[in-house]
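Data first, discussion second: the structure below is written as structure tokens.
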Amino acid sequence: MSEELKSTNHCSFCGASKESVKKLIVGEQVAICSDCVELCEELITDDSNQPVEDSGPEYDPESIKEYLDQHIIGQDDAKMVLSVAISNHYKRINNPPKDLEIQKGNVLIVGPTGSGKTLLAKTAAKYLKVPFVVADATSLTEAGYVGDDVESMISMLLNAAGGDKQLAERGIVFVDEIDKIARKGESTSITRDVSGEGVQQALLKLVEGTICRVPGQGGRKHPGGDMIEVNTKDILFIAGGAFVGLKDVIANRVNGTSIGFQANIKENKIEGDLSTVSPDDLTKYGMIPEFIGRFTTTVSIKELNKDQLIQILTDVKNNYVSQYKYLLKLDDIDLNFNKDALEEIAENTLTLKTGARGLHTEIERVLMCHMYHTKTYRQNKIKILNIDRDQVKNPKPINHEPRKTSTS
């Protein structure tokens with residue numbers, strides 16, 4: 001019998017003949033019997049049950065900061081502090097000690113609008129591959145009042161985790177505009193403050209760690225609905241706020257008060273610096289001491305300068321210039337910004353006082369007329385669009401004549 005004939009009549013693995021097995025699957029000069037197929041399936045199943053070495057993200061602070069550096073310009077001190085806080089949090093939940101209880105360290109980020117508070121938290125969550133949600137503190141009220149109660153944040157996190165309870169319990173919740181729930185004064189209010197101090201009180205247990213009963217994925221609370229119990233003790237809460245007026249509180253502490261005839265009046269008063277904020281400053285601002293105590297790490301971020309805004313436009317991953325270059329390239333148009341144009345956009349953004357968010361507004365304003373006329377550009381074979389300072393100051397389409405309307 002020839003080798004070729006034998007190979008198609010016998011299993012190439014065990015040598016069994018075609019007649020002695022249930023099924024013989026024949027390929028080009030090779031064959032496998034049904035018994036060998038079953039054995040292979042068992043081996044694959046056994047291997048899949050073996051623990052796989054975790055190839056997830058590195059939890060050391062340097063690796064976290066390196067990733068943040070790729071997406072966020074400046075704020076080195078804030079990135080370092082946040083990286084250490086996140087690293088310690090996930091070390092704590094990944095390697096729980098037997099005879100030691102390590103308290104959770106939630107993070108409070110203080111800084112002007114548009115300086116990267118939300119982006120810091122969102123980028124960190126992306127690196128860690130954990131579910132992430134942004135909750136607006138201004139929409140939160142105490143349970144039983146019109147608005148979202150604090151447990152709605154956990155429901156949002158469960159949805160972000162695709163209904164996976166274990167994944168949700170390792171997620172990150174960013175509570176934005178946290179300064180908006182500050183009480184109006186240091187003394188307790190006579191009237192019920194359901195969206196201010198009341199929310200702070202309601203957040204205490206949730207932030208520290210408690211069992212929270214929330215509806216299943218996509219559901220809403222009602223008496224007969226299925227509820228899922230989510231433990232919040234390993235959920236990292238990051239709160240952020242602009243805290244407008246906090247610099248004045250800090251300045252008053254640093255400079256002291258000057259009241260009365262014998263008071264020493266300082267000629268050169270020191271301006272308040274958010275990097276020196278203390279728990280007492282936040283209490284004077286209107287945050288209750290118990291709430292501040294749950295956020296053991298405070299990160300302050302600075303307002304972005306012109307050079308940093310230009311870097312955000314051009315250097316970071318997913319920067320705005322690259323985004324619009326791509327969009328116009330789909331219409332076969334090469335988009336270029338010269339140095340003067342980028343500087344003008346950055347200067348206009350500084351005037352808006354909206355931080356990095358203002359960059360998107362500015363670049364959209366500059367390119368709007370060009371994006372509208374892409375069809376005309378293609379017809380006129382305009383394939384290069386150069387944006388200079390004049391185009392930023394006075395955006396107008398190039399080589400475009402308005403369509404003439406016929407008159408009867």
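Position 1 is the first residue of the sequence; numbering continues from there.
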Q.
For a side chain to side chain contact (heavy atoms under 4.5 Å, CB included) check, start with the C-alpha distance between Arg92 and Gln103, then their side-chain angles and the critical distance, and finish with the verdict.
A. CA-CA 9 Å; Arg92 165 183 162 270; Gln103 295 297 320; over 6 Å; no
Any side-chain heavy-atom pair from [X] and [Y] closer than 4.5 angstrom?
{"X": "Ile178", "Y": "Ile181", "result": "yes"}
{"X": "Thr232", "Y": "Glu151", "result": "no"}
{"X": "Ile363", "Y": "Phe337", "result": "yes"}
{"X": "Ile387", "Y": "Pro395", "result": "no"}
{"X": "Ser87", "Y": "Ile64", "result": "yes"}
{"X": "Leu82", "Y": "Thr297", "result": "no"}
{"X": "Asn348", "Y": "Arg365", "result": "yes"}
{"X": "Gln311", "Y": "Val316", "result": "no"}

- Message: I'd like to know whether Met371 forms a side chain to side chain contact (heavy atoms under 4.5 Å, CB included) with Glu364, so could you lay out the CA-CA distance, the side-chain angles of the two residues, the decisive distance to 0.1 Å, and finally the verdict.
- Response: CA-CA 9 Å; Met371 292 187 293; Glu364 188 83 10; 3.9 Å; yes
Residue pair [X] / [Y]: nearest heavy atoms and the distance that separates them:
{"X": "Pro289", "Y": "Thr283", "value": "CG-CG2, 4.1 Å"}
{"X": "Ile292", "Y": "Pro279", "value": "CG2-CB, 3.9 Å"}
{"X": "Ile310", "Y": "Ala346", "value": "CG1-CB, 3.8 Å"}
{"X": "Val366", "Y": "His370", "value": "O-CD2, 3.5 Å"}
{"X": "Lys79", "Y": "Leu68", "value": "CD-CB, 3.7 Å"}
{"X": "Ala168", "Y": "Pro131", "value": "CA-CG, 4.1 Å"}

- Task: State, without any angle test, whether Thr138 and Asp136 hold a side-chain donor-acceptor pair at a distance under 3.5 Å.
- Result: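 A donor-acceptor contact under 3.5 Å links the two side chains.
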inquiry  = Less than 3.5 Å apart, any donor N or O on the side chain of Ser278 or Asp281 sitting next to an acceptor on the other?
reply    =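 The criterion, which ignores hydrogens and geometry beyond distance, is satisfied for Asp281 and Ser278.
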Quiz prompt | Check against side chain to side chain contact (heavy atoms under 4.5 Å, CB included), Leu335 and Leu385 | solution = CA-CA 5 Å; Leu335 173 65; Leu385 176 58; 3.9 Å; yes
Check this for me: does any side-chain nitrogen of one of [X] and [Y] sit under 4.0 Å from a carboxylate oxygen of the other?
{"X": "Lys65", "Y": "Glu62", "answer": "no"}
{"X": "Asp332", "Y": "Arg378", "answer": "no"}
{"X": "Glu229", "Y": "Lys165", "answer": "no"}

Backbone of [Y] reached by a side-chain donor or acceptor of [X] within 3.5 Å:
{"X": "Ser12", "Y": "Ile32", "answer": "no"}
{"X": "His89", "Y": "Asp234", "answer": "yes"}
{"X": "Tyr377", "Y": "Ile398", "answer": "yes"}
{"X": "Glu169", "Y": "Gln166", "answer": "no"}
{"X": "Asn394", "Y": "Asp390", "answer": "no"}
{"X": "Thr349", "Y": "Ile345", "answer": "yes"}
{"X": "Asn380", "Y": "Ile382", "answer": "no"}
{"X": "Arg253", "Y": "Val249", "answer": "no"}
{"X": "Asp331", "Y": "Ile333", "answer": "no"}
{"X": "Arg294", "Y": "Val207", "answer": "no"}

What do you reckon, is CD of Gln70 surrounded by more than 12 foreign heavy atoms closer than 6.0 Å?
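Yes, because the 6.0 Å sphere around CD of Gln70 holds more than 12 heavy atoms from other groups.
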Atom CD of Glu101 with >12 non-hydrogen neighbours under 6.0 angstrom: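 At most 12 heavy atoms, drawn from other residues, nucleotides or ligands, come within 6.0 Å of this atom.
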To the nearest 0.5 Å, what is the distance between [atom1] ([X]) and [atom2] ([Y])?
{"X": "Met153", "Y": "Leu206", "atom1": "CE", "atom2": "CG", "answer": "5.0 Å"}
{"X": "Tyr90", "Y": "Leu128", "atom1": "OH", "atom2": "CG", "answer": "5.5 Å"}
{"X": "Ile73", "Y": "Leu309", "atom1": "CD1", "atom2": "CG", "answer": "10.0 Å"}
{"X": "Asp76", "Y": "Ser83", "atom1": "CG", "atom2": "OG", "answer": "10.0 Å"}
{"X": "Met287", "Y": "Gln200", "atom1": "CE", "atom2": "CD", "answer": "4.0 Å"}
{"X": "Thr354", "Y": "Leu304", "atom1": "OG1", "atom2": "CG", "answer": "10.5 Å"}

Is there a side chain to side chain contact (heavy atoms under 4.5 Å, CB included) between Leu246 and Leu282 once you walk through the steps?
-> CA-CA 8 Å; Leu246 182 59; Leu282 292 166; 4.0 Å; yes
| Which of parallel (below 30°), tilted (30 to 60°) and perpendicular (above 60°) describes His360 and Tyr320? |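 Geometry flag for Tyr320 against His360: parallel rings.
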If the condition is ring-ring contact (aromatic ring centres under 6.0 Å, His included), which residues does Phe291 pass it with, not counting sequence neighbours?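 Expected list: Phe295.
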- Set of ring-ring contact (aromatic ring centres under 6.0 Å, His included) partners for Phe243, sequence neighbours left out: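 ring-ring contact (aromatic ring centres under 6.0 Å, His included) check on Phe243 returns Tyr285.
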Just list the side-chain donor-acceptor pairs under 3.5 Å for residues 107-126, sequence neighbours left out, or say none.
unit_1 : atom_1 : unit_2 : atom_2 : d
Thr113 : OG1    : Arg357 : NH1    : 3.1
Ser115 : OG     : Pro112 : O      : 2.5
Lys117 : NZ     : Gly111 : O      : 3.0
Lys117 : NZ     : Pro112 : O      : 3.0
Thr123 : OG1    : Leu119 : O      : 2.7

Notebook entry, point to check: Looking at Lys329, Lys325, Lys383, which one forms a salt bridge (Lys or Arg N to Asp or Glu O under 4.0 Å) with Asp334?
Noted result: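 The salt bridge (Lys or Arg N to Asp or Glu O under 4.0 Å) with Asp334 is passed solely by Lys329 among Lys329, Lys325, Lys383.
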request  = Can you run down the salt bridge (Lys or Arg N to Asp or Glu O under 4.0 Å) pairs that involve residues 299-317, sequence neighbours left out, and say none if there aren't any?
outcome  =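 Counting only pairs at least two positions apart or across chains, the salt bridge (Lys or Arg N to Asp or Glu O under 4.0 Å) contacts touching residues 299-317 are Lys306-Glu347.
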Counterpart residues, side-chain contact (heavy atoms from CB on, under 4.5 Å), relative to Asp77 (two or more places apart):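 For Asp77 there are no side-chain contact (heavy atoms from CB on, under 4.5 Å) partners, ignoring immediate neighbours.
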query: Can you name the salt bridge (Lys or Arg N to Asp or Glu O under 4.0 Å) partners of Asp35, sequence neighbours left out?
result: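 For Asp35 there are no salt bridge (Lys or Arg N to Asp or Glu O under 4.0 Å) partners, ignoring immediate neighbours.
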